[in-house]
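All remarks here apply to the structure that follows.
Counting starts at 1 for both ligands and their atoms, following the listed order.
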Amino acid sequence: MSPTTWPSRNQAWELLNRYTKNPSLIKHAVAVEAVMGALGERYHEDIELYKRVGLLHDFDYEAFPEIGAHTVEGAKILETEGFPPIIIEAIQSHVTENNIARDTWLKKSIYAADELTGFIVAVTLVRPSKSLSEVTPKSVKKKLKDKSFARGVNRDDVYGGATGLDIELDELIEFIVRALMPISQEIDLHQ
Ligand SMILES: [Fe+2]
Ligand SMILES: [Fe+2]
């Protein structure tokens, strides 16, 4: 499929902002979009497709946070808005309870990008410098073991995401930190 097939970034951005007012959720979307673009490049896949999935994966979360509603209600909206099944299914696959097999690089990527990106941003935000270049695999893994830190991040999803992509956790952490560098300002971090 050619990249021109996908709904535009502007359309996705408008949809995200229509349903999401919480600035942290918008920044999470932008962060995961950047990481997904980098993963699409890594797997020689369609970068724009990956980025749309990243930007929109939680667009319905503020309106429908419950398990069983998150991504399910969103799917109906995305369909009405003309988004193709490949995007809708990939978005739904990031919620384990939806029981969708992660059988493509796209689905494995959104699963691996989502929680670990959120966690790395949280680790960077608590540093006085808010500097991504100071964030190492060692510092991230230490925080992962600290159960009181960023409790909302499911550790099984973090480890499972890396396993699904067959990437060592250290390498995935470094990869995500690098992918966030160009958009650091947009998400209130420094390089
Ligand atoms: Fe989600
Ligand atoms: Fe997310």
Extract all donor-acceptor atom pairs below 3.5 Å that involve side chains of residues 66-73 and protein atoms in other chains or at least two apart in sequence.
from, atom 1, to, atom 2, distance (Å)
His70, ND1, Asp60, OD1, 2.8
His70, NE2, Asp58, OD1, 3.0
His70, NE2, His94, NE2, 3.2
Thr71, OG1, Asn98, ND2, 2.8
Glu73, OE1, Lys76, NZ, 3.4
Glu73, OE2, Lys76, NZ, 3.0

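- Applying the side chain to side chain donor-acceptor pair (under 3.5 Å) test to every pair with at least one member in residues 179-191, sequence neighbours left out, gives these pairs: Lys27-Asp188.
- When the shell of 6.0 Å around CD of Glu14 is examined, it contains more than 12 heavy atoms from other residues, nucleotides or ligands.
- Distances shorter than 2.8 Å separate the Fe ion (ligand 1) from the protein N/O/S atoms Asp58 OD1, His70 NE2, His94 NE2.
- Counting Ile, Leu, Val, Met, Phe, Trp and Tyr side chains that sit under 4.5 Å apart, directly or through other members, Tyr61 shares a hydrophobic cluster with Leu25.
- More than 12 heavy atoms of other residues, nucleotides or ligands lie within 6.0 Å of CD in Glu134, so this atom counts as buried by the packing criterion.
- Listed for the Glu115 side chain is a donor-acceptor partner under 3.5 Å among the backbone atoms of Asn154.
- Sorting the N, O or S atoms of His28 by how far they are from the Fe ion (ligand 2) puts NE2 first.
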